[in-house]
Amino acid sequence: MHIEAYSNEVKPYEKFKKYGVNGLTDVELIAILLRTGTKNKNVFEISKQLLTDREGNCDLRQLANFTHAKLTLVEGLGDVKAMQLLAVVELSMRLNQLKSPTKVEVTKPDMIAKLLMTELRWEKQEHFYVILLDTKCQIIAKECISKGSLNSTIVHPREVFKVAIDCMANSIIVAHNHPSGDPEPSKEDKNITKRLLEVGSIVGIPLLDHIIIGDGTFRSLKSEMGF
């Protein structure tokens with residue numbers, strides 16, 4: 001059934017005009033993108049199906065778990081609709097990653113966490129980033145230098161400080177995600193941090209912190225280890 005077939009009370013287009021886009025639920029926003037359902041499922045049922053997690057809760061974050069192949073297996077979603085949904089997800093992530101036109105001075109670990117949270121919290125593998133800072137602790141750039149398995153990533157100080165030296169960084173902060181969603185630092189995380197602290201002291205580019213990103217939360221190794 002086409003979305004226009006529903007009454008004005010439930011039609012997302014009419015609700016959009018009356019209350020604005022902020023007045024729409026997640027299901028209604030997805031329904032606007034899909035426009036039509038099937039003979040067996042209306043567009044709202046399909047939208048809700050896409051957002052329902054294993055516990056039966058409606059959660060917008062479910063969209064980040066879909067691949068194009070998985071979406072096309074959902075009844076009512078063909079190749080084009082699957083691409084449209086993934087395009088919206090990607091645009092949302094890119095908007096969150098846009099750099100500020102002015103340099104930002106890093107004063108607290110949560111600033112780095114916020115910078116990387118949207119990008120990393122859904123990744124199924126560990127990604128290890130180096131945040132390069134100038135003499136005023138302003139961000140010069142961020143570089144992903146390693147992508148690992150589900151449980152670990154291999155990082156060598158040589159790779160970390162090569163990037164720092166090439167960009168003439170004054171100091172660095174490193175960060176990586178835990179795909180499990182739990183930011184509790186492992187023994188390996190602490191060992192890597194110790195090695196980077198030692199090498200940073202030798203080359204004159206100090207490590208200021210190591211941030212671990214979880215699902216909506218983070219941990220600072222500087223706070224954990226007291227360096």
Side-chain angles (χ1 to χ4, degrees), residues 1-38 40-100 110-127 129 142 144 147 150 175-183 211-219:
M1 185 183 293
H2 194 283
I3 200 169
E4 289 292 343
Y6 295 95
S7 66
N8 286 349
E9 286 75 18
V10 298
K11 219 187 289 183
Y13 295 147
E14 299 304 322
K15 193 173 178 181
F16 187 110
K17 293 176 183 177
K18 189 173 182 179
Y19 302 109
V21 68
N22 292 331
L24 299 178
T25 66
D26 295 340
V27 169
E28 289 167 338
L29 288 170
I30 300 301
I32 284 180
L33 288 172
L34 299 182
R35 297 181 63 240
T36 60
T38 68
N40 299 319
K41 287 185 179 181
N42 66 45
V43 68
F44 296 105
E45 290 172 327
I46 296 173
S47 299
K48 188 172 182 180
Q49 177 186 344
L50 292 171
L51 302 183
T52 301
D53 62 21
R54 293 180 180 178
E55 285 73 42
N57 302 312
C58 198
D59 190 340
L60 186 60
R61 293 174 295 183
Q62 287 297 112
L63 283 180
N65 296 326
F66 280 103
T67 62
H68 181 266
K70 286 183 179 180
L71 280 174
T72 56
L73 295 177
V74 176
E75 181 183 359
L77 295 188
D79 190 54
V80 173
K81 286 184 178 179
M83 287 191 288
Q84 288 173 335
L85 280 173
L86 290 178
V88 169
V89 173
E90 181 64 22
L91 281 172
S92 175
M93 295 180 71
R94 292 187 187 187
L95 278 170
N96 278 288
Q97 294 168 23
L98 285 177
K99 295 181 179 179
S100 170
D110 66 334
M111 296 178 71
I112 298 299
K114 289 177 182 178
L115 175 69
L116 296 172
M117 186 74 71
T118 303
E119 185 172 349
L120 293 180
R121 66 186 298 187
W122 307 117
E123 291 291 348
K124 301 303 181 185
Q125 291 184 316
E126 286 194 4
H127 289 56
Y129 274 84
K142 62 182 178 73
C144 180
K147 295 181 182 180
L150 181 63
H176 78 281
N177 62 307
H178 280 180
S180 66
D182 182 0
I211 307 296
I212 301 176
I213 307 292
D215 185 3
T217 185
F218 73 96
R219 295 288 283 274

Could you give me the CA-CA distance, side-chain angles and deciding distance for Gln49 and Lys41, then say whether side-chain contact (heavy atoms from CB on, under 4.5 Å) is met? CA-CA 10 Å; Gln49 177 186 344; Lys41 287 185 179 181; 2.7 Å; yes
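Glu126 is listed as a side-chain neighbour of Pro179, based on a closest heavy-atom distance under 4.5 Å. Side-chain atoms of Arg219 and Ile211, non-hydrogen and from C-beta on, never get closer than 4.5 Å to each other. Side chains of Asn177 and Glu123 form a contact here, defined as non-hydrogen atoms less than 4.5 Å apart. The side-chain heavy atoms of Ile213 and Pro183, taken from C-beta on, include no pair separated by under 4.5 Å. Within the 4.5 Å cutoff, side-chain heavy atoms of Ser47 are placed close to those of Leu34. Within the 4.5 Å cutoff, the side chain of Arg35 has heavy atoms near those of the Tyr13 side chain. With contacts defined as side-chain heavy-atom distances shorter than 4.5 Å, the pair Lys48/Thr52 qualifies.
Residues Lys124 and Asn65 come closest through the heavy atom pair NZ-OD1, 3.5 Å. In this structure, Gly76 and Ile46 approach most closely via the heavy-atom pair CA-CD1, 4.0 Å. When every heavy atom of Leu116 is checked against every heavy atom of Ala175, the shortest pair comes out as CD1-CB, 3.5 Å. Residue Phe16 comes nearest to Ile32 through the heavy atom pair CD1-CD1, 4.4 Å, listed as atom of the first residue, atom of the second, then distance.
Distance CD/Glu75 to CD/Glu45: 9.5 Å, rounded to 0.5 Å. Rounding to the nearest 0.5 Å gives a distance of 11.0 Å between CG of Leu91 and CG of Leu86. Remark: Phe44 CZ to Glu28 CD distance equals 6.0 Å, nearest 0.5 Å. Going from atom CD of Gln62 over to atom CG of Asp26 covers 11.5 Å, rounded to the nearest 0.5 Å. From His176, atom NE2 reaches atom CG of Leu120 across 10.0 Å, with rounding to the nearest 0.5 Å.
Of the N and O atoms on the side chains of Lys81 and Thr36, at least one donor lies less than 3.5 Å from an acceptor on the other residue.
Checking Val88, Val21, Leu60, Leu51 one by one against Leu29, the side chain to side chain contact (heavy atoms under 4.5 Å, CB included) holds for a single residue, Val21. Each of Val43, Thr25, Leu50, Leu24 was evaluated against Ile30; a single residue qualifies, Leu50, per the side chain to side chain contact (heavy atoms under 4.5 Å, CB included) test.
For Asp215, the side chain to side chain donor-acceptor pair (under 3.5 Å) partners at least two apart in sequence or on another chain are Arg121. For the side chain to side chain donor-acceptor pair (under 3.5 Å) test, no residue two or more places apart in sequence or in another chain qualifies with Glu55. Partners of Thr217 according to the side chain to side chain donor-acceptor pair (under 3.5 Å) rule, which considers only residues two or more places apart in sequence or in another chain, do not exist here.
A distance-only check finds no donor-acceptor pair linking the side chain of Asn57 to the backbone of Asp59 [under 3.5 Å]. Side-chain N or O atoms of Asp110 include none that pairs as donor or acceptor with a backbone N or O of Ala113 at under 3.5 Å.
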